[in-house]
Amino acid sequence: MSNNFEQMQKDLYDGKFSEVEAATKTALDEGMGAQDILNNGLVAGMEIVGRDFKSGELFIPEVLMCARAMHAGLEVLRPLLAESGAASMGKIILGTVTGDLHDIGKNLVSMMLQGAGFDIVDLGTDVKPEQFVAAVRDEGADIIGMSAMLTTTMPSMKSTITALKEAGIRDKVKVIIGGAPVTSKFAEEIGADRYAPDAGAAVDTVRELLV
Amino acid sequence: MKTLKPYLKYLSDAQIEEINEGSMSLLENTGIMVDHQEGLEFLEKHGAKVDYQTKRARIPRKLVTRALETVPDRFTLAARNPEKDCPLIPGGRPYSRNGGGADFTIDLETGEFRPLLHADVKEYYKLMDALEGISFIAPVFGQDMPVIGRDILMLREAFGNTDKPIHLRAFTGESLKLMFEMAAIVAGGKKELKERPIVSLLEAPISPLKFLDVTVDALWLCGEYGIPLDVCVMPIAGGTGPMTMAGNLQLLNTEFLAGVVISQLANPGAPLQYAARPMAMDMRTGFSMAGSVELGMMASAGAQMARFYNVPVSLHGPWSDSMSHDGQSILERTYMNTMAALSGANVLVGAGMMQQSLVISQEQLVIDDEINRIAFRAVEGFEINEEHLAAEVIDRVGPGGNFVADMHTYKFLRSERFETKLLYHNSRESWEEGGSTTLVDRAKEKALIIIKEHQPNPLPEDLGKELDEFVSKALKSLEK
Ligand code: B12
C-alpha cells in the first residue's frame, strides 16, 4: 500500500489533480480508511511540497497547484471525515485592517492557508476591530490573521486585540499579524500571538499555533 | 550636431500597434471597474457601456481615441524657484525625484534601522534640496507626526525647505484638496498655480483594471487645478498582472489608457504622464520586487508606448530591494536607472529608496544623486562636428605624440566629462592616506556636510505665515 501512497504523493507534487482524486477513490475502494489516506497520502504529500517550498525549490503557483490536487483528494474524503469529526484542520479569519486597502499579501496568505487545508473566512479590506470581534463570535474561528501595509494603519491591530479583550474572547482565538512594515517586535508590543513575514511562514506559524 | 538619442527599443512598430490594439479591445470588451457612481454616469454619458451592478464600464475605442487627442505632449513641473523648473518633453532630458512615502530610515550616525521621525524630515528636505541629481522632491513621513493631516504637515515642511518642484502624496481626497489650496497660496492664486503648477501628484488604479472612488476624484481634482498627474500603472507580474512580460505590459497599457479617458474627457488638456511602473512578484515569497532585470525591460517597452501616444513618461530609476545601501542596492539601482534613462524616461523615480519602498537613507540619496547625474550624462550624447571630431588635431599631434598639452584639450577639458566627487579614481597610496574610505563612507561624509551647511531658499515670511494659518485651520477641519 505504501507504494500507492508514494504515487499519490508524486502526483500531488506534480499538481495532477484528477490522478490524485482517482487514487483517493481507489484507495477507499481497496478498503483503506479515510483518515489513513488523508494522513499518509495527502498530508504527507503536502509536507514534501512544504519542505521544497521552504528550501526555495518550489514557487508559490506550484504550491497552489499541489494544493489544488490535495483538495481534489480531500473532497472525496470530506464526507467520511465529517462523520468522524475530523474534516477541518482549523478555521482562520483574515482581513486587512481598517483604513488599509492593500490586499494582495492577505489574499496570498489566504490562498496558501487554504492550500494547506485550513478553512478561511476572508473579511476583505478596511476591516474594523468590531468586525473582527463579530466574526470571531459568529464563526467560532481558531485564529484571526490581520494584515496592514501602512504604518498608519498598524495601530488598528492593537485596537482589535483590545476589542477582543473587552468582548471577553481574547483567549478563544490566537492572533497573527503580517504586512510589510509589521515586525515580530511590534507583534510582541501589541500582544499578538505571532508574526509571520511571508505567506509560506504564515502557514508554518498557523500550524504551530494549532498543535 | 549631437549624437542620436541612444534609446533602447524592445518593441517593433508592429508590436506597438499590436499592444495598442489589444488595449483598445480590452477596454471595449472587458472594460474597467469604477467604484464611483458619478464616474460611471460620466463614462456612460460619454458613450461607455455601463453595468451599474458590477460597476463595470466598457469603453469604446472612439472614446479612447478622443481622450488621447487632448493629452498634452509636454508640460513643466514648475518650481518655486523658476531656475529649478523641470520641463517634461518627449525626447527631452530626464529629471529625477526621490522615492516617496518611506517612513523608516537607516540612521546616518549609527547605521541602525529605525522609524523616520519628524526631526529627520527637515534634514531629508535640506539634503535633497542641495543635491543637483534630485530634480524634484516627494514626501518622506515622520512616524511621530499625527496620523490625520500628516500629508499636509509634510507639505508645509517641503515648502519651507526646498524651492524645487514638489511631488505630493495624499492620504484622503479631503487632504488632497487642502494641499492644492496650500499650493495655490504659495503660487499666488489658483490661476497662477494652473500656469505654474509647483506641485504634482501620483495616482494608481488597482491592478487589474479597477479604479477606486478616491482615484477618480483625484484625477478630476488634478484636472480642475491643472496639477500634473502621474497615471501610475503598476501591475505585479504573476500577481496582479499576467506572468508574461508582454501580458503585464498589455495590462499596464490598458490601465494607462483608462486613466487617460477618465482624466481627459473631464478636463481636456490636463497634463499627465505615463508612469509605467511594472512590478514583478517574487514567486518564492510573494513580495513585490523593485530590482529585477525584467522590470527594466518591461518599463523600457512602456516608454516606447508612451512615445507612441506622445506623452511624457516616468519610470522607476534608482530602485532596489536591498535592506541597506550596500552593493546589491547599488548594483540594482544602477542598471535599473541606466535602462530607464536610455529608454527615454522623462523622470527617473526612486532615489534613496529600498526594502519594498519602506526605507530611505541619506547615504543612498547622495549615491543616487551620482547615479542619476551619470544617467543624465549618458543620454545627453556627445557633440559631433568638425571641431569635435578633431581630425586636424590628430594630424597636428601625429603618430606617437600626445594630446595633454594641446590647445584642443585645453579648450574642451571641462565640457566633455562628467565630474565626480564621490567615485574614487586615484592611487591606492592616496586612498589609504584619505582613510581608505568606501563609496558609502564618502556618501555619508557628504550627507553630513550638506545637512550641516546647506541653507535652503526660505519661503517669504508673509507666505510662511499665511501657510501656517491655513494649515492649522486645515488640521482642525480634518479632525472633525
Ligand atoms: C500595490 C501597492 C498598492 C496598491 C494596492 C493594491 C491592492 N489590491 O492591494 C494601491 C495602488 C491601491 C496602493 C495604494 C496606496 N499605497 Co501602496 N503599495 C503597493 C506596493 C507597491 C506593493 C504592495 C504589495 O501588494 N506587495 C506584494 C504583497 C504580496 O506583499 P505584502 O503585502 O508585503 O504581503 C506579504 C507579507 O507582508 C505577508 N503578509 C501580508 N499580510 C499578511 C497577513 C498575515 C496575517 C500574515 C501572517 C502575513 C502577511 O505575506 C505576504 C506574502 O508573502 C507597496 C510597495 C512595495 N513594494 O511593497 C506600496 C506601499 C505599501 N503603499 C504605500 C502607500 C503610502 C500607499 C497609499 C497611501 C498611496 C497614496 N495615497 O498615494 C495608498 C493607500 C491606500 C489605502 N488606504 O490602503 C506605502 C506604505 C508606506 C508606509 N510605510 O506606510 C508603500 C510601502 C509604498 C510607498 N513607499 O509609497 N498601494
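Predicted model only: the values in this text are computed from it and were never measured. Proteins get letters first, then strands, A, B, ... in listed order; numbering begins at 1 in each.
For chain A, no part of B/Ile206 is nearby; none of its heavy atoms comes within less than 4.5 Å. There is no contact between A/Leu150 and chain B, counting heavy-atom distances below 4.5 Å. Contacts of B/Thr240 with chain A are made by side-chain atoms alone, with heavy-atom separations under 4.5 Å and no backbone atom involved. No part of A/Pro155 comes within reach of chain B, as not one of its non-hydrogen atoms sits under 4.5 angstrom from that chain. Contact annotation for B/Phe141: neither backbone nor side-chain heavy atoms come within less than 4.5 Å of a heavy atom of chain A.
Atom OG1 of residue A/Thr98 and atom CZ of residue A/Phe132 lie 9.0 Å apart, to the nearest 0.5 angstrom. Rounding to the nearest 0.5 angstrom, the gap separating the CG atom in A/Leu101 from the OG1 atom in A/Thr96 is 8.5 Å. Here the CG atom belonging to B/Leu117 is positioned 9.5 Å from the CG atom belonging to B/Asp107, to the nearest 0.5 angstrom.
In terms of heavy-atom pairs under 4.5 Å with chain B, the best-connected choice from A/Ala180, A/Gly200, A/Gly56 is A/Gly56. Between chain A and the options B/Met281, B/Arg150, B/Arg284, the largest number of non-hydrogen pairs under 4.5 Å is found for B/Arg284. With chain A as the partner, the residue from B/Met243, B/Gln143, B/Gln355 showing the most heavy-atom pairs under 4.5 Å is B/Gln143. Heavy-atom pairs under 4.5 Å with chain B were tallied for A/Thr151, A/Leu108, A/Asn107; the largest tally goes to A/Thr151.
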TODO: Using the side-chain hydrogen bond (donor to acceptor under 3.5 Å, both in side chains) rule, take B/His118 and B/Glu157 through it: C-alpha gap first, then chi angles, then the decisive distance, then the call.
DONE: CA-CA 10 Å; B/His118 193 173; B/Glu157 291 289 1; 2.7 Å; yes

How far apart are the C-alpha atoms of B/Gln328 and B/Ser320, what are their side-chain angles, what is the distance that settles it, and do they pass the side-chain hydrogen bond (donor to acceptor under 3.5 Å, both in side chains) test? CA-CA 8 Å; B/Gln328 175 184 336; B/Ser320 169; 4.6 Å; no

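Nearest heavy-atom pair across B/Tyr124 and B/Ser361 is OH-CA, 3.3 Å.
A salt bridge is absent between B/Asp217 and B/Lys177: the closest approach of a Lys/Arg side-chain nitrogen to an acidic carboxylate oxygen does not fall below 4.0 angstrom.
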